[in-house]
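Start at 1 and go down the list; that is how both ligands and their atoms are numbered. Atom set for the values below is all heavy atoms of this structure, side chains included, hydrogens, waters and symmetry mates excluded. Owing to the predicted nature of the structure, the values given are computational and were not obtained by experimental measurement.
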Amino acid sequence: MPVDLRESWFVGSVEIPTRLVLAPMAGVSVQAFRRQGRRFGAGLVCSEMVSCAGIEHRNERTLGYLRVAADEHPLAIQLFGSDPDTMGEAARMVEAAGADIVDLNFGCPVRKVTKTGAGATLLDDPDRAARIVASIVAAVELPVSVKLRRGLRDGSRDCLEVGPRLVEAGAASLTLHPRSAQQMYTGSADHTLTAELVDLVDVPVVASGDITSRARAEAVLETTRASAVMVGRGAQGNPWVLGEIMGDEHEPSREELVAELVLFVRETVRELGERRASSFLKKFYGWYLGRGRFPRPFKQELVQLDSTAEVERRLLAAAPGAIDLLERLESEIPTGAEVTLELPISVYGGG
Ligand SMILES: Cc1cc2nc3c(=O)[nH]c(=O)nc-3n(C[C@H](O)[C@H](O)[C@H](O)COP(=O)(O)O)c2cc1C
């Protein structure tokens, strides 16, 4: 019997309406991305990782990540750090901001993060990792989830030691991306480890890594007995993969593609302002228009344009039929001050 992706599940007391989770991605997971993911079927969305040190120092840019819009629930805000007390304080701010879940990053392999004792380094220090979870569980009422890699070095199985310790310390769910930090994004995610982790803990486990189709999502859910699958890179510039995973198989027409991209551009500009959105969006043009969907020179032309208004004009000229679709999409999304909050772009590069 295939697992029903439309069945709900719980992280602590928070009900997640589907078994599809949109991955936290630094430099990607802005509100526009999260809102789009939800529209295409994600039951839970997550902020990118937020620095606890930045929160402690009241860094304005960092605090911007803690803004939660009215239409974002359920939403997890992800923290990274290495000091249990500072992280407890930061978690209190996440709670005050209105998030539904505090997620902890124990997986980021990027040196800027690991050299501070945060991210994947914690997989090598189960005592500290457990102390961090206990400190946060004591600080907030919200459920606390943790996202892990398999370990620091290739072949590591440390997640199987650390994971149960975190649950003992009070974690309400675990997400496993079963690559080592050393691997970064090479090789493949070994979900046999996810199955082993599921066996070891009595909280929901989310499987992250290389899930890019309904067939793969179903196979991973079935073989690991994880509670949900998480999709990251596959959804970059391709929300339709989320729809396909949820059972709505459908290749977007050129008009749908352009309408979705223009909506994304508009929402991102509202969120980040023209100047920041303009550089933030460049990678998305390649992601949306690649996969043979548009000729390469067209993508290159968009990246060279100075303003997002120009980008929009060029896109709509290439697919005039997108205008009606765009109007329909815009009429369906909530607007107004409570949903268009500024969110800074991360200076970090991965997890
Ligand atoms: C650009 C990028 C940024 C990421 N940032 C984060 C992050 O902030 N926090 C985190 O826990 N994982 C982060 N990740 C890891 C993803 O959440 C996910 O676990 C990983 O990409 C594997 O899933 P996928 O194969 O579906 O992409 C990031 C991945 C990418 C590609």
Novice: In this structure, does ligand 1 have an atom that sits under 4.0 Å from one of the heavy atoms of Y185?
Specialist: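 For ligand 1, residue contact (heavy atoms, under 4.0 Å) with Y185 is present.
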Novice: What I want to check is whether the side chains of E256 and S253 have a donor and an acceptor closer together than 3.5 Å.
Specialist: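 On atom types as modelled, these side chains qualify, holding a pair under 3.5 Å.
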Novice: Going by heavy atoms in the side chains, are E48 and F80 under 4.5 Å from each other?
Specialist: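 Sidechains of F80 and E48: no contact.
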Novice: Would you confirm whether R128, through its side chain, and S82, through its main-chain N or O, come within 3.5 Å as a donor-acceptor pair?
Specialist: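 Flag set: sc R128 to bb S82 pair under 3.5 Å.
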Novice: Based purely on interatomic distance, does S208 place a nitrogen or oxygen under 3.5 Å from a nitrogen or oxygen of ligand 1?
Specialist: yes
Novice: Are V205 and V21 grouped together when hydrophobic residues (ILVMFWY) are joined by side-chain heavy atoms under 4.5 angstrom apart?
Specialist: no
Novice: Counting heavy atoms only, name the option from M49, R149, K147, K283 that's nearest to atom 12 (N) of ligand 1.
Specialist: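 Looking at heavy atoms only, K147 sits closest to atom 12 (N) of ligand 1.
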Novice: Heavy-atom distances under 4.0 Å decide this one: backbone, side chain, both or neither, for D210 against ligand 1?
Specialist: both
Novice: Any heavy atom of C108 closer to ligand 1 than 4.0 angstrom?
Specialist: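 Judged by the 4.0 Å heavy-atom criterion, C108 does not count as contacting ligand 1.
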Novice: Taking atom types as modelled, is there a side-chain donor on Q31 or E267 under 3.5 Å from an acceptor on the other?
Specialist: no
Novice: Side chains of H250 and W240: closer than 4.5 Å at any heavy-atom pair?
Specialist: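 Side chain of H250 against side chain of W240, heavy atoms only: contact under 4.5 Å found.
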Novice: Is it the case that ligand 1 has an N or O less than 3.5 angstrom from some N or O of G232?
Specialist: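 There is such a contact, yes.
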Novice: Geometry only, no angles: is N105 polar-contacting ligand 1 at N/O separations under 3.5 Å?
Specialist: yes
Novice: With only distance considered, is G234 within less than 3.5 Å of ligand 1 through an N or O on each side?
Specialist: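 No; the residue has no nitrogen or oxygen that sits under 3.5 Å from a nitrogen or oxygen of the ligand.
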Novice: Below 3.5 angstrom, do we get any N/O pair linking V231 and ligand 1?
Specialist: no
Novice: Among Q78, R233, H177, which one puts a heavy atom closest to atom 24 (P) of ligand 1?
Specialist: R233
Novice: Polar contacts were defined as any N/O atom of the residue lying under 3.5 Å from an N/O atom of the ligand; does this apply to P24 and ligand 1?
Specialist: yes
Novice: So L5 and V229, do their side chains get closer than 4.5 Å, heavy atoms only?
Specialist: yes
Novice: Using a 4.0 Å cutoff against the non-hydrogen atoms of A23, which atoms of ligand 1 qualify?
Specialist: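 Under 4.0 Å from A23, ligand 1 has these atoms: 17 (O).
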Novice: Per the side-chain contact (heavy atoms from CB on, under 4.5 Å) rule, which among P74, S173, P204 passes with I16?
Specialist: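 Checked P74, S173, P204 against I16; only one passes side-chain contact (heavy atoms from CB on, under 4.5 Å): P74.
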